[in-house]
Amino acid sequence: MGSPVVLGIESSCDETGAGLVRDGRLLGHAVASSMDEHARFGGVVPEIAARAHVHSFVPVVREALERAGLRMSDIGAVAVTTGPGLSGALQVGLAGAKTLAFSLGVPLHGVHHLAGHVAADTLEHGPLPDPCMVLIVSGGHTSLLLVRDLARDPIVHLGDTIDDAAGECFDKVARVFGLPYPGGPAIDRTAREGDPRAVAFPRPLTGTRDSRYDFSFSGLKTSAARWAERYRLRGGELPVADGAASLQEAVADVLTHKAVAACREHGVGTLVVVGGVAANSRVRALAEERCSAAGIVLRVPPLKLCTDNGAMIAAVGDLLVRAGAKPAPLDVSIDPSAPLEYAALHPVSRTGARAA
Ligand code: KG4
Ligand code: ZN
């Protein structure tokens, strides 16, 4: 008997995702996004996101099953993001996943969202080497991690952002530049027309006395905002493309510089870059350039698996199932601010905690 088909559910932010994975292979997935509904507010509105998940949950699961050519009864385990993320959004996904697992009589696994981003790459490039260096760059997180066996071992944080995440920096500066939401893809598009050397934005925490693997992007954000403000005060038209290209260059430079240094120092031969910002064209190109110069193998998931999706959660579920991990109790809860320690995340519910 082979391993079971794992259904993965993702609902931590504005994407409702469902994916089906077995034995490390993606069978089918579907994503619905409420991004357009948030655009006029310039950022994700938690209540709107939660309501959109209620709306999309069943259609997205059905679509993923259709694409995989499977039926509900083929699902052998369910994995769901239990944190971190928006509380209401996470609760919709967890409630749906519990209902499916309970009614199908199959095990449920709680998954850390960021471990999902890491596992996304395995669907395209196969199992991760042990050890590997992982750079996670998303809207809410920026971390450099030393990963061994994702399903079994603790995840070692070499560095994290001490303030804003890289994606957050793109999103906030894009707003100041008058670009549409979400800011990251807009900066990426606009930067194509600009000169990355036009503005000398700072490279935070890259000095010799700075923390080697921590990140900081709030100073860079402020510096970009000041640059825009100076132009506007002079009444001139903002050279947005130059600003976008220069900002993108600064972010890509810092991220790849630290990631390659971490690989070298720890003798790790593979760098995996994941999360929404791994979709950035300059981050990808500079990582490729610097890794190949340093003899490091670079792995980056395909674009559609970089941003939030259910396939990546199913990928973690599949690894957990095959590693014989203990499923979550059915009173498992969510943890909106869960630190990344293990890929499995099973916060106890309030009633569970009281009973314990
Ligand atoms: O991983 P993700 O989909 O959601 C979180 O878990 O946060 O990442 C979303 C972030 C946003 O900040 C978005 O602006 C950024 O990823 N992003 C990009 C690009 N595509 C998405 N940033 C720069 N360039 C892109 N092409
Ligand atoms: Zn994410």
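Every number for a ligand or one of its atoms is a count from 1 in the order of the listing. Small disclaimer: the values here were computed from a predicted structure and weren't measured.
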Legend entry - Val176 and Arg232: CA distance, side-chain angles, deciding distance, side chain to side chain contact (heavy atoms under 4.5 Å, CB included) verdict: CA-CA 11 Å; Val176 176; Arg232 288 195 177 118; 4.2 Å; yes
Legend entry - Close-contact set for ligand 1 against His117 heavy atoms, below 4.0 Å: 1 (O), 6 (O)
Inset, instruction - Answer with yes or no whether Gln248 contacts ligand 1, where contact means a heavy atom under 4.0 Å from a ligand atom. - result: no
Inset, instruction - Under 4.0 Å from a heavy atom of Ala279: give me the atoms of ligand 1 that qualify, with their elements. - result: 20 (N), 26 (N)
Inset, instruction - Taking His113 for its side chain and Ala338 for its backbone only, find out whether a donor-acceptor pair lies under 3.5 Å. - result: no
Inset, instruction - Please identify which atoms of ligand 1 are closer than 4.0 Å to at least one heavy atom of Gly167. - result: 12 (O)
Legend entry - Closest heavy-atom pair and its distance - Val272, Cys132: CG2-SG, 4.1 Å
Inset, instruction - Could you tell me whether the side chain of Arg67 and the main chain of His29 form a donor-acceptor pair under 3.5 Å? - result: yes
Legend entry - contact_flag His113 ligand 1 heavy-atom lt 4.0 Å: yes
Legend entry - atom 12 (O) of ligand 1 - nearest protein heavy atom and its distance: Asp171 OD2, 2.7 Å
Inset, instruction - State whether Arg282 and Asp253 are salt-bridged, where the test is any N-O pair (Lys NZ or Arg NE/NH1/NH2 against Asp/Glu carboxylate O) under 4.0 Å. - result: no
Legend entry - Under-4.0 Å heavy-atom contact with ligand 1, by part of Asp188 that carries it: side chain
Inset, instruction - Would you confirm whether Asp171, through its side chain, and Gly184, through its main-chain N or O, come within 3.5 Å as a donor-acceptor pair? - result: yes
Inset, instruction - Look at atom 17 (N) of ligand 1 and say which protein heavy atom is nearest, naming residue and atom and giving the distance to 0.1 Å. - result: Gly276 O, 3.5 Å
Inset, instruction - Take the Zn ion (ligand 2) and tell me which protein N, O or S atoms are nearer than 2.8 Å. - result: His113 NE2, His117 NE2, Asp308 OD1
Legend entry - Heavy-atom nearest neighbour in the protein, as seen from atom 22 (N) of ligand 1, with distance rounded to 0.1 Å: Gly184 CA, 3.3 Å
Legend entry - Partner residues of Pro154 under the side chain to side chain contact (heavy atoms under 4.5 Å, CB included) criterion, sequence neighbours left out: Tyr342
Inset, instruction - Considering only non-hydrogen protein atoms, determine which one is nearest to atom 24 (N) of ligand 1 and report residue, atom name and distance to 0.1 Å. - result: Asn280 ND2, 3.0 Å
Inset, instruction - Would you mind running through ligand 1 and noting each atom that sits below 4.0 Å from a heavy atom of Phe170? - result: 22 (N), 23 (C)
Inset, instruction - Write down the atom of Pro204, the atom of Lys258, and the distance for their closest heavy-atom approach. - result: O-CE, 4.4 Å
Inset, instruction - Indicate yes or no: does Glu265 engage Arg212 in a salt bridge with an N to O separation below 4.0 Å. - result: yes
Inset, instruction - Under 4.0 Å from a heavy atom of Thr307: give me the atoms of ligand 1 that qualify, with their elements. - result: 3 (O)
Legend entry - Closest approach of any protein heavy atom to atom 9 (C) of ligand 1, naming residue and atom: Gly139 N, 3.7 Å
Inset, instruction - Output yes when a side-chain donor or acceptor of Ser223 lies under 3.5 Å from a complementary backbone atom of Gly219, and no otherwise. - result: no
Inset, instruction - Indicate whether any N or O donor in one side chain lies under 3.5 Å from an N or O acceptor in the other, for Gln91 and Ser87. - result: yes
Legend entry - Side-chain donor or acceptor of Arg203 paired with backbone N/O of Phe201 under 3.5 Å: yes
Inset, instruction - List the closest protein heavy-atom neighbour of atom 2 (P) of ligand 1: residue, atom name, distance to the nearest 0.1 Å. - result: Asp308 OD1, 3.4 Å
Inset, instruction - Tell me, please: is Gly140 in heavy-atom contact with ligand 1, that is, under 4.0 Å? - result: yes
Legend entry - Heavy-atom donor-acceptor pair, His112 side chain to Thr81 backbone, under 3.5 Å: no
